[in-house]
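Just below is one structure, and these are the notes that go with it.
Because the structure is a prediction, the values reported are computed rather than measured.
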Amino acid sequence: MAMSSYEPYKGKRCTFVMNGDINKSRELVVEKHWDPFLEKLTDALKSNVAIDRIATPTGGTLLKNLEDVETGKRYVAIPKSKPFKKGIE
């Protein structure tokens, strides 16, 4: 019988800061799927508005998928219909 090369997904641990509020941050393990993770992030940051974007703190570059997230880095969680705010570096 052949051995499977399956490796379980290992999440990436990162810090997420609420857009414009450096005092509102959480360290979370990033999951594989975008929408469920954004819901988890919205709950963790106790946001009144759903988080729908994640950006880098310097420059506000939007992440296109969770594969772009790097372990140990900081990211900005941006609620729906809100512009990126500088000053989270």
Are Ile78 and Val49 connected, step by step, through hydrophobic side chains (Ile, Leu, Val, Met, Phe, Trp, Tyr) whose heavy atoms are closer than 4.5 Å?
no
In short, Ile51 meets Leu38 closest at the heavy-atom pair O-CB, 3.6 Å
Correct closest heavy-atom pair for Val17 and Ile22 would be CG1-CA, 3.7 Å
Treating [X] as the side-chain partner and [Y] as the backbone partner, does any N or O pair qualify as donor plus acceptor under 3.5 Å?
X: Arg74; Y: Pro57; answer: no
X: Asn19; Y: Pro83; answer: yes
X: Arg26; Y: Met18; answer: no
X: Thr56; Y: Thr61; answer: yes
X: Lys12; Y: Glu67; answer: yes

Kindly compute the distance separating [atom1] ([X]) from [atom2] ([Y]), expressed to the nearest 0.5 Å.
X: Leu63; Y: Tyr75; atom1: CG; atom2: OH; answer: 6.0 Å
X: Trp34; Y: Lys64; atom1: CH2; atom2: NZ; answer: 9.5 Å
X: Arg53; Y: Phe84; atom1: CZ; atom2: CZ; answer: 10.5 Å

Side-chain ion pair, Glu27 and Arg13, N-O less than 4.0 Å:
yes
**Message:** Are more than 12 heavy atoms, taken from residues, nucleotides or ligands other than Lys40, located less than 6.0 Å from that residue's NZ atom?
**Reply:** yes
